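Model, not experiment: these values are computed from the prediction. Hydrogens, waters and symmetry mates play no part in the numbers below; they use all other heavy atoms, side chains included.
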Amino acid sequence: MFTTAAVNVWMRGVHSFLVSASLTGVSPLWASVTGYYSSHYSVRAIAHLLGFFQLFSGRRIVHLQLQGGHYLCSFNPKKAGDREHKLYWQIVKSDQHFAADPFFTEYNPALDESDVAHRDRANYADHLPQFPVFRPLDGVSLKTRVDRISEIEFTSPPIPRVSRYPDLESVQIIAYHRLVRFRDLVDAILGDQNRFWNVHRNPTWAREFMDFQLTEEATLRSQFTL
């Protein structure tokens with residue numbers, strides 16, 4: 001259940017990324033919002049893989065651990081500060097596989113260079129005069145946008161900045177790389193022998209637009225190891 005939840009949430013991230021790319025020239029505001037949620041879904045999916053799940057209605061945080069060859073499942077009370085965005089991001093950033101990965105940031109809304117601060121700016125600021133004429137991208141333009149995002153080279157991840165809002169290119173670059181990080185993690189764990197993941201690792205509805213390939217500095221990719 002944890003695995004299928006993780007894959008399902010990751011697919012939400014893929015879908016949100018395609019929506020963000022589609023809205024690039026149509027509505028930078030909503031392209032930024034959906035780009036952030038693509039990133040959040042990747043982070044949440046990894047948290048599920050790590051054995052954590054928050055039950056909103058049950059007000060419990062479920063933790064699944066492997067101890068002595070057996071799985072131990074605990075249900076801990078949800079604290080007042082354990083909001084979904086904060087909890088999942090902190091879980092992933094504290095894990096040994098992602099603590100040093102610059103594509104995953106601390107949950108700190110006080111920073112200008114911050115996913116969550118950028119998300120708060122997108123969701124809660126007054127955007128009434130900022131709605132352009134709506135002209136959706138066609139399929140070719142969407143694929144061109146995704147290809148461009150996947151091929152951008154840099155020496156350090158361009159974390160979105162509130163001061164550069166909507167900072168759309170940074171939002172989309174980070175979202176795309178996090179989607180690939182999740183996919184790489186599951187590939188490394190399962191190899192090519194798992195039928196469930198072999199079916200879902202390349203969603204049929206996304207194949208026309210993205211292949212999860214990227215151009216990345218070797219020093220950045222080398223930091224992501226199991």
Report task. Check whether the side chains of Gln213 and Ser150 place a donor and an acceptor atom closer than 3.5 Å, and report yes or no. Result -> no
Query raised in the report: Side chains of Glu113 and Thr105: do they bring a donor and an acceptor to under 3.5 Å?
Result: no
**Report entry** Main-chain N/O of Trp30 paired with Thr34 side-chain donor or acceptor, under 3.5 Å
**Finding:** yes
**Report entry** Any donor-acceptor N/O pair, Lys93 side chain to Phe104 backbone, under 3.5 Å
**Finding:** yes
Can you measure from [atom1] ([X]) to [atom2] ([Y]) and round to the nearest 0.5 angstrom?
{"X": "Gln54", "Y": "His48", "atom1": "CD", "atom2": "NE2", "result": "9.5 Å"}
{"X": "His177", "Y": "Phe154", "atom1": "NE2", "atom2": "CZ", "result": "3.5 Å"}
{"X": "Arg181", "Y": "Ser42", "atom1": "CZ", "atom2": "OG", "result": "11.0 Å"}
{"X": "Tyr71", "Y": "Leu64", "atom1": "OH", "atom2": "CG", "result": "6.5 Å"}
{"X": "Arg60", "Y": "Ser74", "atom1": "CZ", "atom2": "OG", "result": "11.5 Å"}

Do [Y] and [X] meet the salt-bridge criterion of a basic N to acidic O distance under 4.0 Å?
{"X": "Arg161", "Y": "Asp112", "result": "yes"}
{"X": "Glu169", "Y": "Arg148", "result": "yes"}
{"X": "Arg178", "Y": "Asp115", "result": "yes"}

**Report entry** Criterion side chain to side chain contact (heavy atoms under 4.5 Å, CB included) against Arg44, the qualifying member of Phe53, Trp89, Phe182
**Finding:** Phe53
Query - Side-chain heavy-atom pair Tyr176, Ile152 within 4.5 angstrom cut-off - result: no
Query raised in the report: How about Tyr41 and Val14: do any of their side-chain heavy atoms sit closer than 4.5 Å?
Result: no
Query raised in the report: Transitively linked via ILVMFWY side-chain contacts under 4.5 Å: Phe17 with Leu168?
Result: no
